[in-house]
Amino acid sequence: MPSSSPSPVLHAGFANGTLTFVVDGPLDSNSTGAAWRQADRALHQNRPDAVVFDATRMTYADGAGVALYVHLRDRLFSDAIPFHARGLAGNFRLLLDEFPPDALEAPWRLRQPPSFFESVGRSTFSVLKDAAAQLAFTGELVVNLCRAMAHPRSVRWGDTWLVVERAGVNAFPIVALIGFLVGLILAFQAAIPMKQFGAELFIADLVGMSVIRELGPLMTAIILAGRSGSAFAAEIGTMSVNEEINALTTLGLPSARFLVVPKVLASLLLTPLLTVFTNLFGLLGGLLVMASLGFSPIAYLNELKVALHFGDIPSGLFKSLVFGLLVAGIGCLRGLQTGNGAAAVGESTTRAVVGGIVLIVLADGLFSITYYYLGI
Amino acid sequence: MCEAIIRVDSLTAAYDREVVIDDISFVINPGEVFVVLGGSGCGKSTLFKHLIGLYKPVAGTILIEGDDIARAEGDLRLRILRKIGVAYQSGALFGSMTLLQNIRLAMEEFTDLPDEAMTLLARMKLKLVGLGGFENYLPGEISGGMQKRAAIARAMALDPKILFLDEPSAGLDPVTSADLDALIKRLARTLGVTFVVVTHELPSIFAIADRVIMLDKRVKKIVAAGKPADLRDHSEDPRVRQFFNRESSV
């Protein structure tokens, strides 16, 4: 909004049923706002039989000034009130010639909010369409992964290692930090109730089982979804906006093999590895708290050995393998589904992260139930 | 002779240490259609971005109605920017907004016009560029030529004195390109604004330009200035002849 309001340039006078607007000065985008309101007010208050627009002393007019004239002319025309103009300058007339009465056609498309039933229908259709797309993508991915296993030389290993470096090696510091803090917080939170029962030693059991079986894989996957799933969606989405995906398709290179398989393979390789580091740093966090409570590292490790079974580590790592597949898959799918424009890339990225986290949690729930019944 | 609306003095532009434009000077008069031309990589776009204040020159001044856009800060810079409108090569329309919203945006921020006035004014701008009726379309729903016209309408939102157009006819078919040229001439006549156009499309140059300057990649300077027909017919410079006669360099 403008910082200061200019002095009024429109003066309204009413006599003998005729309302006269005198423009004195420039009628531009700075002064027209006030003039517009004043003119509307004068028309409303006086209900004239005729209106005169006197531009004899108008020093300058831009598009806003012309818009005011067009507004008055068309409004009075629809009210069947005679409208006369005086002293219109040459350039003002030239611009006015572009807008004869009824020159502005009504917008061809009205954007109105859809009705309730339309919204429900559209949402249902969208969900079903997305489910079909996910199914088709899963099938295509499985076929391409099987082909990659059968013909390892067809895989673009250069791209794969690049993704491993970007999404894996570069993610190591954040994964280590989060793992350490999770172990530390878990141990501290457990310390208070455990102390009441003199069972501080069992903090090691709690930290060990929680981190190795659950929090290590889960936190790693969530970090991966936020960091790499979004990056996959943004990268492929931008390629889609720039028609690079179309270029791949017309070159006869399926985007699934060219773009998706390297990312999924890299994700399958790096997620269990990162999970191992999250676990180690989580246990380190627990060790720090135990040490601060007066326990030796040997006591902590011995207690971990008692609490953890050999199956706990592979079961956690298997979960992380599946989480990695889900994160990379949904990231690539949302990237490929990107529409037009910058906003579409942002939307794909958001959908990749949200979809990734939802799938991780759903899969984790399924794993919990399965492991429970398998006794793992 | 009227006072120049843009005066460029001893402008040198560089990326890091690589000089792209070396000590050039020229003036642009009010109301004229001024075209900057030259082969690919000659610095047209660099000059364009300096003229609209996106880049700061290494040396020299760019005066817009007497104020140096490169060194202006705060309110002065805002006042200078209000005098110019820019239509980018790609259109650069905001994809999530309708054409009407694209044009209204600057009005909402910088004027106190009533809502009804802003809508009418935005519709008038669209009508002026031949897009009446397309108010509620998103940029992604219209063709490239229409996007360029909508970008010009957005650039005109606040009725600037100078309109800068970057490669307006690039990538357009000949008919759409000719329509756009006609639009520029009509707007120059109707609105009385100054047009600064960067292009290397010969038909457009002859259709719209009152005056041109030609930049050269090797010397990084202006190698020709004047009316396009004069340069084509009378220039002795082989680079200018090569450009206007579309001669191959190999």
Side-chain angles (χ1 to χ4, degrees), chain A residues 1-6 26-41 60-72 74-75 89-100 102-112 241 339-347, chain B residues 31 75 78-79 82 85 90-101 103 106-142 153 156-161 186-187 189-193:
Chain A
M1 296 293 280
S3 53
S4 61
S5 46
L27 199 56
D28 56 15
S29 55
N30 288 325
S31 59
T32 301
W36 193 293
R37 278 182 277 269
Q38 198 186 346
D40 276 352
R41 210 166 33 243
Y60 169 77
D62 65 9
V66 175
L68 173 60
Y69 182 93
V70 169
H71 164 67
L72 291 174
D74 292 357
R75 177 176 166 176
N91 60 343
F92 192 85
R93 276 194 181 282
L94 209 58
L95 202 51
L96 263 183
D97 288 346
E98 300 281 340
F99 305 101
D102 296 327
L104 295 172
E105 27 194 327
W108 294 345
R109 182 186 291 179
L110 294 174
R111 287 192 182 270
Q112 288 171 332
V241 170
N340 290 322
V345 177
E347 193 187 332
Chain B
D75 283 350
L78 211 57
R79 272 206 303 280
R82 282 286 300 269
S90 61
L93 295 165
F94 306 118
S96 56
M97 296 181 181
T98 62
L99 300 191
L100 191 86
Q101 289 166 336
I103 297 167
M107 297 178 195
E108 287 167 7
E109 290 298 318
F110 296 113
T111 74
D112 70 339
L113 290 169
D115 192 68
E116 182 189 13
M118 284 189 279
T119 299
L120 176 63
L121 192 49
R123 291 182 63 202
M124 286 168 64
K125 303 287 179 195
L126 282 171
K127 169 77 183 163
L128 216 50
V129 297
L131 289 175
F134 285 90
E135 286 85 349
N136 292 330
Y137 280 65
L138 292 170
E141 295 170 336
I142 58 175
M156 297 190 310
L158 296 175
D159 290 294
K161 291 182 175 177
R186 189 163 60 87
L187 292 177
R189 180 173 52 84
T190 322
L191 305 174
V193 295

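We name chains A, B, ... by the order of the sequence lines, and we start the count at 1 in each one.
Both the backbone and the side chain of B:L138 come within less than 4.5 Å of a heavy atom in chain A. Neither the backbone nor the side chain of B:F94 comes within contact range of chain A; no heavy atoms are under 4.5 Å apart.
Contact tally against chain B (heavy-atom pairs below 4.5 Å) for A:A35, A:G63, A:A343: the top residue is A:G63. Of the listed residues B:G95, B:S96, B:G133, B:G140, the one with more heavy-atom pairs under 4.5 angstrom with chain A than any other is B:G133. Taking B:L128, B:L158, B:L100 one by one and counting their heavy-atom pairs under 4.5 Å with chain A, the maximum is reached by B:L128. Of the residues considered (A:D97, A:V66, A:D62), A:D62 shows the highest number of contacts with chain B, using heavy-atom pairs under 4.5 Å. Between chain A and the options B:E141, B:M118, B:M156, the largest number of non-hydrogen pairs under 4.5 Å is found for B:E141.
For the pair A:S29 and B:R82, the tightest heavy-atom approach, listed with the atom from each and the gap, is OG-NH2, 3.4 Å. Nearest heavy atom pair, residue B:E116 against residue A:W36, reads OE1-NE1, 3.7 Å. The shortest non-hydrogen separation linking B:L113 to A:G33 is CD2-N, 3.5 Å. Here the shortest heavy-atom pairing between B:D112 and A:R37 reads O-NH2, 2.7 Å.
The stretch residues 120-131 of chain B participates, sequence neighbours left out, in these side-chain hydrogen bond (donor to acceptor under 3.5 Å, both in side chains) pairs: B:R123-B:E135, B:K125-B:D159.
Rounding to the nearest 0.5 Å gives a distance of 8.0 Å between CD of A:E98 and CG of B:L191. From A:D74, atom CG reaches atom CG of B:L120 across 7.5 Å, with rounding to the nearest 0.5 Å. Rounding to the nearest 0.5 angstrom, the gap separating the CG atom in A:L96 from the OG1 atom in B:T190 is 11.5 Å.
Dense packing is recorded around CZ of B:R186, with more than 12 heavy atoms of other residues, nucleotides or ligands lying under 6.0 Å away.
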